[in-house]
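Here is the naming used below: chain letters follow the sequence lines, and residue numbers restart at 1 for every chain. The model shown is predicted, which means the values in this text are computed figures rather than measured ones.
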Protein chains: 2
Amino acid sequence: MLSPIRAQSFEPTVHLDANLDAVLATPCACPRFARDEEIFGEGETADYVYQVVSGAVRTYRILRDGRRQIDEFHFAGDYFGLELGEAHRVTAEAMTDTTIRMIRRGALSDLAARRGDAARAILRLTAEGLQRSQDHVLMLGRRSACERVAGLLLDIAERTNAKAELDVPMSRQDMADYLGLTIETVSRTLTSLQDEGLIALPSVRHVVLQDRRALERMTA
Amino acid sequence: MLSPIRAQSFEPTVHLDANLDAVLATPCACPRFARDEEIFGEGETADYVYQVVSGAVRTYRILRDGRRQIDEFHFAGDYFGLELGEAHRVTAEAMTDTTIRMIRRGALSDLAARRGDAARAILRLTAEGLQRSQDHVLMLGRRSACERVAGLLLDIAERTNAKAELDVPMSRQDMADYLGLTIETVSRTLTSLQDEGLIALPSVRHVVLQDRRALERMTA
DNA sequence: CGGTTTTTTGATCCAGATCAAGCTCTGTGG
DNA sequence: CCACAGAGCTTGATCTGGATCAAAAAACCG
């Protein structure tokens, strides 16, 4: 969650991620998706890998009775939809108006077969996803509502390169479904963080981190 | 958790996992660890990748105040300790007397650089770990205590190739720390599953799945 | 504006945590 | 072979963080 994943690299001296970006900067479809529009659905054939150009995306799964768990939020630059098997295991939707780059999966595996650096970049993306998922497990398994909300805010700040003031692209429901809470609890937690002076909420989708140190202490 | 990960493969017709096993079947240190002995600690340099030969391993992280979250259980054949960065992000301990195969990380990356199939096998292992972690997130975020316990039992059964009767190598505390619950809740849930006739508990570390269908219905 | 959706706030409830005994295994030494 | 200590597990009583139910207040939007 808070680990500086994006600053790490398998081979510290080489920017493989950038490398993959460069290699793939060949003609690619870059469709736009409106807010709440589906990009792909759970169970669909995974013919493409996706990258957020601008905007933000949520990937989630739903249980039979409608309970939803958001797996991950994806921001500009992030890849998503990379699958091991033939089918997507999650549904992906745009959270705001979003531009997406689509890369044919076949093209990607060809590239990986030809170039070791591309193969390593794909491995790195997958391993970063695993690290993030493990942080998510720790969050859901052993943290209180307050710690979870604080952690999410810091994570968004880091991933969108925000300083103190941050744009929250997701609804309270999205936050709740990511954090394993209800909307009410998320809302109450945010107001109590505001009452304690740790954050300010100038508007619903705007948060100011007023005491980042204190927030970080909660999530350590 | 219940998805048949082990049956999937990136290239459906080739058994890459077996391939990696074969390639690595060269002279390797195979130390034994006693129950509860540490294999590696969080923060230590990740010089090796590990494979369970026999026995079972838990990997976990601990928060400042002692809360523990078990990340994953590893059974015979499973690889663990594969890291993106230089350091291990979790601690690994033997749950029972366990034999472990240690593979030099350098040897593995050399191999991956030389052989595309080895690189793909490593990617596959990482991606499987990611899938498992995502299932874990869904479990912790949106499932009840009862659903979690049922899910764990079915997962153990599958991964240890047990039919109805299964050997549970972990303590109640381990289950609790994997499931994001307390020992008391795990214990109570097991007894209530027994009372409902879904399982039997001939001894503490022995479970008989008496109505697997019903258990599966809980976790779907 | 008025209608709809989203968010906040309030009141109440409950699943699972916590606190507190007992109980059941082990193993150990006499 | 038994007494008994210690760890791990179960069970019981109570508490509580977050869920649920309900409604008011913002925000959004034609």
Can you spot which of B/Val186, B/Thr185, B/Leu179 makes a side chain to side chain contact (heavy atoms under 4.5 Å, CB included) with B/Arg148?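 Among B/Val186, B/Thr185, B/Leu179, the one that satisfies the side chain to side chain contact (heavy atoms under 4.5 Å, CB included) with B/Arg148 is B/Leu179.
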Whether [X] contacts [N] is assessed here as follows: a side-chain N or O lying under 4.0 Å from the phosphate OP1 or OP2. Is that the case?
X        : N      : answer
A/Thr191 : C/dT9  : yes
A/Thr182 : D/dA19 : yes
B/Arg172 : D/dT10 : yes
B/Thr185 : C/dA17 : yes

Is the A/Phe40 ring parallel, tilted or perpendicular to the A/Tyr50 ring (thresholds 30°, 60°)?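 The arrangement is tilted - the two ring planes meet at 30° to 60°.
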How many Å lie between [atom1] on [X] and [atom2] on [N], as a whole number?
X        : N      : atom1 : atom2 : value
B/Met175 : D/dG8  : CE    : C1'   : 12 Å
B/Arg35  : C/dT26 : CZ    : P     : 11 Å
A/Arg143 : D/dG18 : CZ    : C1'   : 18 Å
B/Leu190 : D/dT11 : CG    : P     : 10 Å
B/Leu201 : C/dT24 : CG    : C1'   : 14 Å
B/Asp36  : D/dA7  : CG    : C1'   : 12 Å
B/Leu140 : C/dG16 : CG    : P     : 13 Å
B/Ile183 : C/dT24 : CD1   : C1'   : 15 Å

Audit row: A/Leu209, A/Leu154, side chain to side chain contact (heavy atoms under 4.5 Å, CB included) steps and yes/no: CA-CA 8 Å; A/Leu209 307 182; A/Leu154 289 170; 4.1 Å; yes
Is the number of heavy atoms from other residues, nucleotides or ligands within 6.0 Å of CZ (A/Arg104) greater than 12?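 Result for CZ/A/Arg104: open.
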Could you please name the option among [options] that lies closest to any side-chain atom of [X]?
X        : options               : answer
A/Ser171 : D/dC21, D/dG18, C/dT7 : C/dT7
A/Ser187 : C/dT18, D/dA19, C/dT8 : C/dT8
A/Val204 : C/dT7, D/dA19, D/dC9  : C/dT7

Categorize A/Leu181 for me: base, sugar-phosphate, or nothing, with a 4.0 angstrom heavy-atom threshold over every strand shown.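 The residue A/Leu181 makes sugar-phosphate contact but no base contact.
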Taking any heavy-atom pair under 4.0 Å as a contact, classify B/Ser144: base, sugar-phosphate, or nothing.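 It contacts sugar-phosphate atoms only.
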Is a donor-acceptor pair below 3.5 Å formed from side chain A/Arg188 to base C/dG10, judging by atom type as modelled?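 By the distance-only test, yes, there is a pair.
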Could a donor-acceptor pair under 3.5 angstrom be found where the side chain of B/Glu184 meets the base of C/dC19?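 A donor-acceptor contact between them is present.
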Nearest nucleotide by nearest heavy atom, which residue falls closer to the 5' end of DNA chain D, B/Gln173 or A/Ser203?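 Whichever sits nearer the 5' end wins; that is B/Gln173.
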Looking at every heavy atom in both A/Arg64 and B/Arg217, which two are closest together, and how far apart are they?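 The answer is NH2-O, 2.6 Å.
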For A/Met170 and for A/Arg142, locate the closest nucleotide of DNA chain C by heavy-atom distance; then report the residue assigned to the nucleotide nearer the 5' terminus.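 The 5'-side residue here is A/Met170.
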Under the criterion side-chain hydrogen bond (donor to acceptor under 3.5 Å, both in side chains), which of B/Arg68, B/Arg58, B/Arg172, B/Arg67 is the partner of B/Asp177?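 Looking at B/Arg68, B/Arg58, B/Arg172, B/Arg67, the match for B/Asp177 under the side-chain hydrogen bond (donor to acceptor under 3.5 Å, both in side chains) is B/Arg68.
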